[in-house]
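Owing to the predicted nature of the structure, the values given are computational and were not obtained by experimental measurement. Below, chain A is the first sequence line, B the second, and so on; all start at residue 1.
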There are 2 protein chains.
Amino acid sequence: MSQLETLLKKYNLSVTEGRKKILQLFLDANAALEHATIEQNAPSLDRVTIYRTLQSFVEKGIIHTIPTTDSSIKYALCKDECGHGHHHDNHVHFLCNTCGTTFCIEQVTIPKIKLPAGFVSQQADLVVSGRCNLCNQN
Amino acid sequence: MSQLETLLKKYNLSVTEGRKKILQLFLDANAALEHATIEQNAPSLDRVTIYRTLQSFVEKGIIHTIPTTDSSIKYALCKDECGHGHHHDNHVHFLCNTCGTTFCIEQVTIPKIKLPAGFVSQQADLVVSGRCNLCNQN
DNA sequence: AATTAATTGCAACAAAGTTTTATTTTTTTG
DNA sequence: CAAAAAAATAAAACTTTGTTGCAATTAATT
């Protein structure tokens with residue numbers, strides 16, 4: 001049984017060509033992907049299938065969404081702690097304004113934020129934008 | 001000259017009914033608004049006019065965008081420091097999972113984040129989600 | 001008040017996302 | 001391993017969201 005199949009089974013998803021393909025894209029990417037990018041890289045898959053696959057990956061805790069200020073949605077692989085219904089992706093995200101890539105910065109966790117009285121925090125998302133390490137080399 | 005007119009002139013925008021109406025909505029709201037909400041509350045305005053007005057308000061530094069994990073875009077009033085082309089909205093945003101409202105938490109600024117070598121930060125956005133002060137009273 | 005410049009509304013269009021249904025594929029079970 | 005059941009897919013139709021060009025209107029300038 002391939003790595004992909006093992007991974008999908010682990011998250012209680014049946015193994016299909018589409019899911020394997022999309023999961024492979026995430027494993028290869030090392031960065032966040034959006035629907036349009038996946039559509040380009042997996043032309044054999046129907047648009048709707050990609051929507052549904054992303055949705056079920058999020059539900060199962062395989063990938064998480066990353067906030068953006070435009071109207072796009074970006075997705076990236078979760079680490080092991082995430083499972084069905086509960087995400088624990090409390091790391092910083094970095095968006096490079098030069099190359100457009102979005103990275104998970106796993107090493108940097110989001111600091112605790114002290115909120116005004118009455119506000120109770122359940123989750124925090126922190127997106128830093130600027131110039132990434134690769135773009136700074138050139 | 002009304003408060004609204006003064007404000008629009010200050011930002012070098014000509015005074016029109018639509019702009020006054022939309023600016024008023026923001027002043028009244030005390031929370032972030034999205035396109036759909038404005039469309040509902042200003043039915044006399046054309047959809048396209050609302051898109052264009054929001055765009056010019058962002059350009060002039062009257063409002064700023066707030067990142068979301070879904071594909072919506074939220075806008076909220078800026079404070080005085082913002083001007084044409086340069087925003088300085090380094091405060092935390094709070095999204096209430098109960099009532100759905102998004103607030104600017106002006107009192108809380110975003111902490112400096114130490115990034116891995118090679119990454120240069122230009123801007124940071126921090127969205128905390130949970131339960132707001134109003135929802136916690138009930 | 002007349003001219004110029006900017007904004008608006010409308011229509012047409014393009015892109016993004018959803019829903020339904022029939023077909024195909026995967027999983028389960030005997 | 002084959003048949004039955006369950007789940008996933010593709011295709012079509014549709015809804016929502018955002019954009020562009022242009023003529024008509026409104027605001028600013030002189």
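Side-chain proximity of B/T16 to the nucleotides D/dT9, D/dA27, D/dG18 is greatest for D/dA27. You'll find that the side chain of A/R52 is closest to D/dA11, out of C/dT27, D/dA11, D/dT19. Distances were taken from every side-chain heavy atom of B/V48 (C-beta onward) to each of C/dT26, D/dT20, C/dT7; the shortest belongs to D/dT20.
Both A/Q55 and A/S14 lie near DNA chain C, and the one whose nearest nucleotide falls closer to the 5' end is A/Q55.
Look at NZ on B/K21: it is 16 Å from C1' on C/dT8, rounded to the nearest Å. Taking atom NZ of A/K9 as the reference point, atom P of C/dT26 lies 11 Å away to the nearest angstrom. Between the OH atom of B/Y51 and the P atom of D/dG21 there is a distance of 17 Å, given to the nearest Å. The distance between atom CG of A/D70 and atom C1' of C/dA16, rounded to the nearest whole Å, is 13 Å. Residue A/L8 contributes atom CG, which lies 18 Å from atom P of C/dT25 at whole-angstrom precision. Atom CD of B/E17 and atom C1' of C/dA6 are 16 Å apart (whole Å). With rounding to whole Å, A/N12 atom CG is found 17 Å from D/dA6 atom P. Rounded to an integer number of Å, the gap from OH of A/Y75 to C1' of C/dG17 is 10 Å.
Put simply, A/S71 has no side-chain N or O that comes within less than 4.0 Å of OP1 or OP2 on C/dA16.
When the local axes at the two ends of the helix from C/dA1-D/dT30 to C/dG30-D/dC1 are compared, using 5 base pairs at each end, they differ in direction by 40° after rounding to 10°.
At a cut-off of 3.5 Å, with distance as the only test, no side-chain donor of B/Q137 or B/N133 sits close to an acceptor on the other residue. Checking B/R131 against A/S121 by side-chain atom types alone, no donor-acceptor pair falls below 3.5 Å.
Within a 6.0 Å radius of CG in B/N30, other residues, nucleotides and ligands contribute 12 heavy atoms or fewer. Annotation: B/Q3, atom CD; neighbour count of heavy atoms from other residues, nucleotides and ligands within 6.0 Å does not exceed 12. Around atom CD of A/E39, more than 12 heavy atoms belonging to other residues, nucleotides or ligands sit under 6.0 Å away.
Taking CD1 from B/I66 and CG from B/L95, the interatomic distance works out to 9.5 Å, rounded to the nearest 0.5 Å. Separating the CZ atom in A/R47 from the CD1 atom in A/I38 is a distance of 13.5 Å, to the nearest 0.5 Å.
Between B/H64 and B/Y75, the ring center distance fails the sub-6.0 Å criterion.
Within residues 31-47 of chain B, the residues approached by DNA chain C to less than 4.0 Å at the level of any non-hydrogen atom are B/S44, B/D46, in residue-number order.
Qualifying ring pair (Phe, Tyr, Trp, His ring centres under 6.0 Å) partners for B/F103, counting only residues two or more places apart in sequence or in other chains: A/F119.
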